[in-house]
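Numbers restart at 1 for each chain; the letters A, B, ... are given by sequence-line order, proteins then strands.
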Protein chains: 2
Amino acid sequence: MIPEFGSSRHGDTAAKNVEDQELKQAGLKVTLPRRKILDILKQPQARHFSAEDISHALYDRGENIALATIYRVLTQFEEVGLVQRHNFEGSSSVFELARGGHHDHVVCVDCGVVKEFYDETIEKRQREIAADLGFEIEDHALIIYGRCNDPECRERKRLAASR
Amino acid sequence: MIPEFGSSRHGDTAAKNVEDQELKQAGLKVTLPRRKILDILKQPQARHFSAEDISHALYDRGENIALATIYRVLTQFEEVGLVQRHNFEGSSSVFELARGGHHDHVVCVDCGVVKEFYDETIEKRQREIAADLGFEIEDHALIIYGRCNDPECRERKRLAASR
DNA sequence: TAGAGAAATGAGAACCTTTTGCATACTGAA
DNA sequence: TTCAGTATGCAAAAGGTTCTCATTTCTCTA
């Protein structure tokens with residue numbers, strides 16, 4: 001039961017136990033698909049995944065989970081607050097692990113890279129505006145679309161297009 | 001050719017001429033479907049339409065335009081800047097006539113009513129944030145979801161659900 | 001630790017919105 | 001008025017997401 005030396009990668013026993021706890025605390029049964037999907041969502045290289053992205057990521061790991069299950073699991077994760085769903089421009093929803101704090105997004109229209117930000121000034125104004133209009137805020141989405149100045153942008157664009 | 005007394009409703013000759021000019025100025029051929037759709041978009045009672053909404057509105061007027069055409073026309077209108085497309089939460093895009101100024105939206109999660117606002121403080125912060133992150137702003141979408149305090153909200157909700 | 005009952009999964013069909021292909025109809029310039 | 005080039009209607013297709021249902025997996029209890 002003690003993780004052996006060199007086993008510290010995804011699928012790691014210790015990591016699994018952590019994830020099991022998270023799932024249980026969220027009120028969800030611990031199942032293989034849920035654990036694997038959570039594992040993908042936690043990988044540090046990326047933060048925003050469409051259902052397809054997750055499917056591909058799993059495939060790359062040699063795992064295979066039905067798309068229907070991925071959608072179901074993501075929806076459940078969203079319901080219990082484990083992930084947030086965003087509808088960026090374009091067709092499909094993207095999901096990201098909820099890490100407590102709210103934040104908004106800047107998306108590059110060329111390469112699709114996503115950056116996050118939080119701005120209290122904006123948050124405050126939103127609350128004021130909603131109140132002025134007689135609304136009780138439930139949620140909000142602020143997405144800035146632009147072009148990033150990253151030299152790798154063009155390269156990423158090419159990659160994204162070839163998928 | 002002079003509009004007769006009592007003819008000042010949609011379909012009005014004078015109004016048609018105005019719309020014809022708008023279409024021409026936008027670089028589009030004047031066709032019946034385009035004129036009719038523009039006419040629906042201009043009606044004062046509502047501002048935000050999905051393709052279905054437009055289809056139904058046309059149907060109610062005894063007109064009938066293929067959904068495919070409605071989508072094509074809306075896309076063209078968007079391309080020439082006549083309308084703006086928004087992706088509120090939920091499945092379909094909504095379109096509104098572009099009347100010059102940019103504005104953002106507050107949407108009631110119960111009845112779906114949409115209110116618009118413009119706030120220079122938020123606009124300014126967005127520009128600053130984008131600049132800080134090295135982005136050149138192309139566009140942005142800010143949607144506040146909440147519950148309105150309108151007594152008719154419940155009634156509208158019922159109506160919306162029954163559609 | 002085996003077994004029952006509840007819940008979750010896989011596979012594919014179904015759904016919904018949006019797009020596309022193609023034959024026909026219309027628009028606008030000559 | 002004619003004609004080339006577009007636009008439209010219809011039906012089929014596409015893309016993303018959800019649903020159905022038979023089968024499998026979990027969890028809990030005996």
Quick one: pull up [atom1] in [X] and [atom2] in [Y] and give me the separation to the nearest 0.5 Å.
| X | Y | atom1 | atom2 | answer |
| --- | --- | --- | --- | --- |
| A:T69 | A:I54 | OG1 | CD1 | 12.0 Å |
| A:S93 | A:H48 | OG | NE2 | 12.5 Å |
| B:F117 | A:Q126 | CZ | CD | 6.5 Å |
| B:I70 | B:T75 | CD1 | OG1 | 11.5 Å |
| A:D60 | A:S55 | CG | OG | 9.5 Å |

Whole Å only: how far is the [atom1] atom of [X] from the [atom2] atom of [N]?
| X | N | atom1 | atom2 | answer |
| --- | --- | --- | --- | --- |
| A:I70 | C:dA8 | CD1 | C1' | 14 Å |
| A:R35 | C:dT9 | CZ | P | 12 Å |
| B:I37 | D:dG9 | CD1 | P | 8 Å |
| B:L23 | D:dT6 | CG | P | 17 Å |
| A:E79 | D:dT18 | CD | P | 11 Å |
| A:I54 | D:dG16 | CD1 | C1' | 14 Å |

Point to revise | Option among A:H103, A:R85, A:Q84 that satisfies the side-chain hydrogen bond (donor to acceptor under 3.5 Å, both in side chains) test with A:E96 | key: A:H103

Exercise for review: Give a yes or no on whether the backbone of B:I129 and the side-chain of B:D132 come within a donor-acceptor separation of less than 3.5 Å.
Suggested key: no

Practice item. Assign a letter to each nucleotide of nucleotides 17-28 of chain C from its 5' end: B, base within under 4.0 Å of a protein heavy atom; S, sugar-phosphate only; -, no contact. Key: SBBBB-----BS

Exercise for review: For residues A:I37 and A:R34, determine if any side-chain heavy atom of one lies less than 4.5 Å from a side-chain heavy atom of the other.
Suggested key: no

Return the polar atom pairs (N/O with N/O) between nucleotides 28-30 of chain D and the protein under 3.5 Å, or none.
none

Review point. So does A:E152 have more than 12 non-hydrogen atoms from other groups sitting under 6.0 Å from CD?
Key: no

**Study point:** Terminal helix-axis angle for the helix from C:dT1-D:dA30 to C:dA30-D:dT1, with five pairs defining each axis and rounding to 10 degrees
**Key:** 30°

Check your understanding: If you measure from the Lys or Arg side-chain nitrogens to the Asp or Glu carboxylate oxygens, is any gap between A:D110 and A:R154 under 4.0 Å?
Key -> no

**Study point:** Electrostatic pair A:E120:A:R127 at N-O distance under 4.0 angstrom
**Key:** yes

